[in-house]
Amino acid sequence: MSAAILTVSGLPGSGTSTACALLRERLGWHYVNAGQIFRDMASEQGLTLAEWGARAEKDPDIDRQLDERMVQVACRQQPVILEGRMTGWMALRGALSALKVWLAAPADVRAERVGGRDGDPQALEKMLARQASEAQRYREHHGIDIADLSIYDVVVDTVEHSPARVVSRIERALGGH
């Protein structure tokens, strides 16, 4: 597949940021991180990420604004890597010609990664609460089951594969860019 839009999705701690950093370095593509946009939106409102997430559970316009920003960038700045949990679904629903990638890892491994990165011994508890909040939001606001991986062109286990191997698999799927 030769695509000018690459979506990289996965749950917290699955390795999306690591893979995207390597992909950006190797491909030289534009890059947009949905999580960072979401954090920026929270900061603009003077709220923590958890508070903004709770607000987003009640207000579907927050996710729609995020999706709109991502689609606009994807259409303007190609080739582009879009990192975020919903970017694969966003590309599908927006009829964007994209290679959709999901990175997977078990919850305990993801919590260890997040806890180590953030220095948070309660990472698993916080991560699972955030996941539950997001899953509810995606289901109620978008009619999407985030656990449905059938829409992805490539699914990679980031425990079995090193970051370099993950990126190589993605590059092969892109057509050897």
Step-by-step side chain to side chain contact (heavy atoms under 4.5 Å, CB included) determination, W29 to L6
CA-CA 10 Å; W29 288 17; L6 168 62; 3.9 Å; yes
Output the distance between atom SG (C20) and atom CG (L82), rounded to the nearest 0.5 Å.
9.0 Å
If we ignore hydrogens and angles and just use 3.5 Å, is the side chain of H141 paired with the main-chain N or O of E57 as donor and acceptor?
yes
Are D67 and R64 ion-paired here, with the side-chain N under 4.0 Å from a carboxylate O?
no
Indicate whether the side chain of Q131 and that of R110 have a donor and an acceptor atom separated by less than 3.5 Å.
yes
Side chain to side chain donor-acceptor pair (under 3.5 Å) between T158 and R165, worked out:
CA-CA 9 Å; T158 63; R165 285 205 56 209; over 6 Å; no
Please round to the nearest 0.5 Å and tell me the distance separating atom CG of L66 and atom CE of M86.
9.0 Å
S9-T87 side chain donor-acceptor pair, cut-off 3.5 Å:
yes
Presence of salt bridge, E134 and R130, under 4.0 angstrom:
yes
Interatomic distance, OG1@T7 vs CE@M70, rounded to 0.5 Å, equals 9.0 Å
Short N-O contact, R137 and D63, less than 4.0 angstrom:
yes
Without hydrogens or angle criteria, can the side chains of T48 and R39 be said to hold a donor-acceptor pair below 3.5 Å?
no
Nearest 0.5 angstrom please: I144 CD1 to Y138 OH, how far?
9.0 Å
Checking Q65 against D61: is there a side-chain donor and acceptor pair closer than 3.5 Å?
no
